[in-house]
Amino acid sequence: MRIRPPRLDLDADVNPYGFAVPNPTSPATRDVPIQRVFIVHGYGATPDNHWFPWLRDLLASRGVDVTAVPMPEPQAPSAADWHEAVRTALRPIDDQTWIVAHSLGAITVLRHLAALPHPWTLGGAVLVSGFTGRLDVLPVLDTFLADDVNLAAVVPNILHRHVIHSDDDAIVPPEASAALAVRLQAQVHVVKGGGHFLDSEGVTTLPLVAKLLGTAETLEFTTH
């Protein structure tokens, strides 16, 4: 059976939750160039799965310092071990750094950021199928997900905040990602038919992420 990739609506900068968020795709909002990007995968994955290699190669071709962080024991993750992995890898955190995280990687990144001593500033975060709280379809992760995240300690310090989710994710309910976006006061982007953005679902590229990171011709990266 041939898997049909999702229809990626690159203009779907949807924010139905009532708070004002500047248009992140406008060059006027990108006054600090992106120098480095960290990619953090989720449960059961590696940096070589899904759309991560495509994004890594694309950013590298633009001269961006990009790191895809390998998380320990992805099939049986420990919250403490994953926290330590991102704590070690995600350096430096500054206004020229962006983080792209998928699914379980997103809550891990948020926990790390919430624990950082102030002051700190992160240029931006793109959370794909991000969530907090337990998942009905993955009770094996209940212990990992038992603790919430102090998002109040995170929001003021991330200059650009984005949550991407699909309308048919069978693993992370779309309403869970939408709820995270509300708590983060993030720009919401809904991809129709995107599922959980897995390569097994036909998703090996995710142009919307590239757009938010400024790989469109209208925006520029620094090169080095």
Side-chain angles (χ1 to χ4, degrees), residues 2-16 21-30 32-42 45-69 96-103 105-106 109 123-131 158-172 174 177-178 180-181 184 186-223:
R2 184 175 180 270
I3 300 175
R4 178 182 298 176
R7 183 174 68 82
L8 301 178
D9 184 355
L10 299 189
D11 295 319
D13 296 334
V14 181
N15 177 18
V21 179
N23 178 4
T25 62
S26 169
T29 66
R30 180 68 47 75
V32 178
I34 297 175
Q35 288 193 346
R36 68 193 62 83
V37 173
F38 294 102
I39 303 170
V40 182
H41 67 76
T46 76
D48 295 320
N49 293 134
H50 314 322
W51 40 273
F52 313 136
W54 165 82
L55 181 61
R56 179 187 61 213
D57 293 347
L58 175 63
L59 293 171
S61 73
R62 293 297 188 91
V64 178
D65 181 3
V66 55
T67 300
V69 182
Q96 295 180 313
T97 300
W98 281 55
I99 298 172
V100 177
H102 179 234
S103 195
V109 165
V126 181
L127 308 179
V128 181
S129 292
F131 66 98
I158 305 178
L159 300 181
H160 301 275
R161 301 175 302 279
H162 304 276
V163 171
I164 298 173
H165 67 84
S166 75
D167 60 352
D168 63 345
D169 193 325
I171 297 175
V172 176
S177 293
L180 173 62
L184 275 177
Q187 185 83 25
V188 184
H189 311 268
V190 180
V191 177
K192 295 181 179 179
H196 196 55
F197 304 101
L198 305 176
D199 49 17
S200 62
E201 299 169 319
V203 182
T204 56
T205 67
L206 197 46
L208 180 54
V209 174
K211 181 184 180 185
L212 296 176
L213 291 171
T215 53
E217 293 299 325
T218 54
L219 301 179
E220 295 182 355
F221 281 91
T222 57
T223 58

key: Closest contact, heavy atoms only, Glu201 versus Gly194   = OE1-O, 3.8 Å
request  = Check whether any side-chain heavy atom of Thr204 sits under 4.5 Å from a side-chain heavy atom of Asp199, and report yes or no.
outcome  = yes
message = Give me the atom names and distance for the closest heavy-atom approach of Phe197 to Trp51.
response = O-NE1, 3.1 Å
note = In terms of heavy-atom contacts, Ser177 and Gly130 come closest through OG-O, 2.7 Å
query = Roughly how far apart are Thr46 OG1 and Phe52 CZ, rounded to 0.5 Å?
reply = 8.0 Å
Expected output: side-chain Thr205 to main-chain Pro207 donor-acceptor under 3.5 Å = no
note = In this structure, NE2 of His160 is separated from CD1 of Ile158 (nearest 0.5 Å) by 11.0 Å
inquiry  = I'd like to check Ile39 versus Pro47 (side-chain heavy atoms, cut-off strictly below 4.5 Å). Are they in contact?
reply    = no
query = Roughly how far, to the nearest 0.5 Å, is CD1 of Ile171 from OG of Ser129?
reply = 8.0 Å
query = Do the non-hydrogen side-chain atoms of Val64 and Trp98 ever get within less than 4.5 Å of each other?
reply = no
request  = List the steps and the verdict of side chain to side chain contact (heavy atoms under 4.5 Å, CB included) for Leu184 and Leu127.
outcome  = CA-CA 11 Å; Leu184 275 177; Leu127 308 179; 3.5 Å; yes
request  = Identify which one of Val37, Ile99, Ile164, Leu55 satisfies the side chain to side chain contact (heavy atoms under 4.5 Å, CB included) criterion when paired with Val126.
outcome  = Ile164
key: Pairwise distance CG(Leu212) to CG(Leu206) - rounded to 0.5 angstrom   = 9.0 Å
query = Taking all atoms of both residues into account, what is the closest heavy-atom pair of Ala186 and Val163, and its distance?
reply = CB-CG2, 4.0 Å
remark   = Correct closest heavy-atom pair for His196 and Ser103 would be NE2-OG, 3.0 Å
key: Distance flag, aromatic centroids of His189 and His162, threshold under 6.0 Å   = yes
ask   = Is Ser166 reaching over with its side chain to a backbone N or O of Val191, donor-acceptor style, under 3.5 angstrom?
value = no
Within-4.5 Å side-chain heavy-atom neighbours: Arg36 and Val66 = no
request  = Report yes or no: does Ser61 contribute a side-chain atom to a donor-acceptor pair with the main-chain N or O of Leu58 at less than 3.5 Å?
outcome  = yes
remark   = Rounding to 0.5 Å, atoms CD (Gln35) and OG1 (Thr97) come to a distance of 8.0 Å
note = Rounded to the nearest 0.5 angstrom, the CZ-OG1 distance for Phe38 and Thr67 is 5.0 Å
task = Give me the ring orientation class for His102 and His50: parallel if the planes are under 30° apart, tilted from 30 to 60°, perpendicular past 60°.
result = perpendicular
